[in-house]
Amino acid sequence: MTDASWLKSMTNILDSYSDPAVLIDENYTIVATNQLYQHRFGEQQTPQPVKCYAMSHGYHRPCDQEGENCPMHAARESGATSSVLHIHNTPQGKEHVGIETTPVTDEHERRYFIEIMRPIREVSAEPIANKMIGRSKAFNQLVDLIHKVGPTDVNVLLTGASGTGKELAAQAVHKASHRTRKPFVTVECSGLPDSLFESELFGHLRGAFTGATSTRKGLVEAAQGGTLFLDEVGDIPLHQQVKLLRLIETRTYRPVGQTDLREADFRLICATHKNLPEMVEQKLFREDLYHRISTFPIRLPALQERRDDLPLLAASILLRIDATRPLKLTDDALALLSEHPFSGNIRELKNILERAVVLRESNELSKQTVAQALSLSPTHSTTQTNPFLAAAQQRLSLAEVESNYLDALLALHSDKTEVADIAQCSLRTLYRKIKLGD
């Protein structure tokens with residue numbers, strides 16, 4: 001077989017894949033692509049050989065030399081298929097892509113690599129509404145776990161602080177599963193009255209109890225074939241937990257007032273901000289139930305852990321607030337936001353930006369507007385109760401503490417004379433300290 005005929009055979013193999021795929025040589029040069037790759041990522045515009053890292057990332061050297069995992073490097077070392085998650089440049093912008101790389105050899109024992117690229121559409125690396133958004137390392141690790149567990153049917157437990165986006169994560173798991181065309185049903189466990197737990201979950205027959213004037217379908221039946229999402233599962237009363245355990249173990253249930261069992265078919269995802277292992281120790285949560293729902297635990301990172309995503313998240317939230325206006329944060333407003341602790345995570349960021357949009361004087365949200373929005377925060381007094389402790393924890397110098405204090409004053413008051421009065425220093429000293437004067 002000639003080199004040309006081998007390459008043609010490999011191109012035919014690439015075209016047999018249902019995802020974008022390329023053939024790469026040991027020097028990272030793209031040798032062949034399938035039609036799906038050309039459609040998704042754009043045809044090669046130059047006759048010169050193109051490196052895979054230049055095409056997908058715009059890098060001038062391999063991914064592993066840029067601080068990323070290189071699937072080709074891993075496949076070369078192991079001699080087996082390697083999988084990683086990357087963010088690729090595409091004509092549509094940056095996209096999360098699952099890469100699967102398999103080594104192959106030609107008739108002369110020269111090594112090549114087939115890379116299959118599966119775009120992860122459940123999340124986004126660009127500002128967009130109603131999806132998980134991010135590019136940071138912590139976010140990509142989260143996406144990788146969702147991408148791996150999504151196609152399975154195992155139970156997933158989402159943990160993390162309030163406001164980290166657990167419901168969006170649950171929806172992403174559902175969309176990545178084979179159940180994606182079936183219902184995604186949310187059960188708000190924290191707002192579910194104890195007396196109605198069974199009725200809401202399993203349904204009831206007419207006349208089953210006082211007030212049951214008609215037969216009602218339960219949420220388990222509504223989720224048939226799809227995903228049942230139990231939000232704040234840690235709030236289910238202890239004496240009701242056994243009923244949930246029985247449902248999970250037997251995959252059967254009885255509507256209230258009915259004797260016959262019904263079959264249940266759903267994928268279970270639970271979420272909580274509580275420490276369930278600690279609740280198990282305190283006998284507030286059943287240990288057997290905990291082990292049933294936590295087959296695959298995923299912890300969502302706090303906003304503090306993914307600070308790099310703040311500009312992207314802010315742009316996405318502003319787009320959701322009003323897609324008809326080009327709302328934008330100024331650089332100094334974004335810098336001010338980046339210093340905020342965000343104890344309420346993404347939900348708190350959303351609230352602050354919504355207030356800033358109300359307070360704005362133009363489509364550009366200034367530092368002063370954001371500072372005013374921050375000052376109106378219900379958590380402002382508690383999160384800022386001891387700023388000196390926060391400064392000490394960050395190991396800030398006295399000069400840095402003073403500089404931050406003056407920046408905060410200037411953000412709240414445009415009149416520098418007023419700022420000097422508050423700081424109890426002369427206007428000349430103020431100018432010197434903020435390096436606007438001599």
Side-chain angles (χ1 to χ4, degrees), residues 1-126 135 137 139-141 143-148 150-151 176:
M1 183 185 289
T2 65
D3 287 347
S5 60
W6 182 84
L7 183 59
K8 184 177 180 180
S9 296
M10 293 306 299
T11 303
N12 289 337
I13 290 174
L14 295 181
D15 280 330
S16 70
Y17 292 115
S18 58
D19 293 292
V22 297
L23 181 68
I24 303 169
D25 67 17
E26 282 205 296
N27 295 316
Y28 301 92
T29 303
I30 297 176
V31 177
T33 65
N34 68 0
Q35 294 180 3
L36 284 170
Y37 178 89
Q38 295 166 17
H39 174 72
R40 183 76 179 172
F41 298 102
E43 293 191 47
Q44 187 174 315
Q45 299 297 321
T46 170
Q48 300 299 319
V50 175
K51 303 295 185 182
C52 59
Y53 50 80
M55 190 73 171
S56 59
H57 298 286
Y59 293 156
H60 298 292
R61 54 183 183 170
C63 298
D64 55 317
Q65 296 178 31
E66 293 284 352
E68 293 197 46
N69 292 327
C70 175
M72 181 176 147
H73 176 78
R76 181 194 286 123
E77 292 295 311
S78 66
T81 298
S82 173
S83 300
V84 300
L85 182 139
H86 272 187
I87 295 179
H88 277 196
N89 296 330
T90 75
Q92 295 76 36
K94 294 185 180 295
E95 291 188 12
H96 292 88
V97 181
I99 311 292
E100 184 180 279
T101 305
T102 303
V104 294
T105 56
D106 69 2
E107 58 182 359
H108 304 294
E109 298 301 316
R110 292 177 298 203
R111 272 205 296 187
Y112 292 82
F113 301 86
I114 293 176
E115 283 197 350
I116 304 172
M117 305 172 189
R118 297 186 172 92
I120 302 174
R121 298 177 177 86
E122 296 77 37
V123 300
S124 178
E126 297 288 350
R135 299 176 192 169
K137 183 177 180 180
F139 181 80
N140 289 343
Q141 289 171 345
V143 173
D144 189 40
L145 291 174
I146 290 173
H147 182 58
K148 286 175 179 175

I need the Asn69 CG to Ile99 CD1 distance, nearest 0.5 Å. 12.0 Å
Give me the ring orientation class for Tyr59 and His57: parallel if the planes are under 30° apart, tilted from 30 to 60°, perpendicular past 60°. parallel
Which atom of Gly58 lies closest to which atom of Asn89, heavy atoms considered: N-ND2, 3.7 Å
To the nearest 0.5 Å, what is the distance between CD (Glu122) and NE2 (His96)? 11.5 Å
Heavy-atom check, side chain of Met72 versus side chain of Ile24, under 4.5 Å: yes
So do the side chains of Met10 and Val104 get within less than 4.5 Å of each other, counting heavy atoms only? yes
What closest approach, in Å, do Thr105 and Arg111 show between heavy atoms, and which atom pair accounts for it? CG2-CG, 3.7 Å
Backbone N or O of Ala21 within a donor-acceptor pair of the Asn34 side chain at under 3.5 Å? yes
Could you grab the distance from atom CD of Glu95 to atom CD1 of Ile87, nearest 0.5 Å is fine? 10.5 Å
Inter-residue atom distance Leu14.CG - Asp19.CG, 0.5 Å rounding: 12.0 Å
Applying the side-chain contact (heavy atoms from CB on, under 4.5 Å) criterion to Glu100, which one of Thr81, Ile114, Val84 satisfies it? Thr81
Keeping Asp25 on the side-chain end and Tyr28 on the backbone end, is there a donor-acceptor pair under 3.5 Å? yes
Please round to the nearest 0.5 Å and tell me the distance separating atom CZ of Arg118 and atom OG of Ser83. 8.0 Å
For Ala75 and Ser82, which heavy atoms make the closest approach, and how far apart are they? N-CB, 3.8 Å
Measure from the ring center of His86 to the ring center of Tyr53 and say whether it is less than 6.0 Å. no
Got a sec: does the NZ of Lys51 have more than 12 other heavy atoms crowding it under 6.0 Å? yes
State whether the side chain of Arg76 and the backbone N or O of Glu26 hold a donor-acceptor pair below 3.5 Å, judged by distance alone. yes
Which residue, Lys148, His147, Gln141, forms the side chain to side chain donor-acceptor pair (under 3.5 Å) with Asp144? Lys148
Determine whether Tyr112 and Asp106 make a side-chain contact, defined as any pair of heavy atoms from C-beta on separated by less than 4.5 Å. yes
Between Leu7 and Leu23, is the side-chain contact (heavy atoms from CB on, under 4.5 Å) condition met? List the steps. CA-CA 9 Å; Leu7 183 59; Leu23 181 68; 4.0 Å; yes
In terms of side-chain geometry, is the basic nitrogen of Arg135 or Glu126 positioned less than 4.0 Å from the acidic oxygen of its partner? yes
Where Ala32 and Thr11 come nearest, the two heavy atoms and their spacing: CB-OG1, 3.8 Å
Roughly how far apart are Thr102 OG1 and Ile116 CD1, rounded to 0.5 Å? 6.0 Å
Do the charged groups of Arg61 and Glu66 touch, with an N to O distance under 4.0 Å? yes
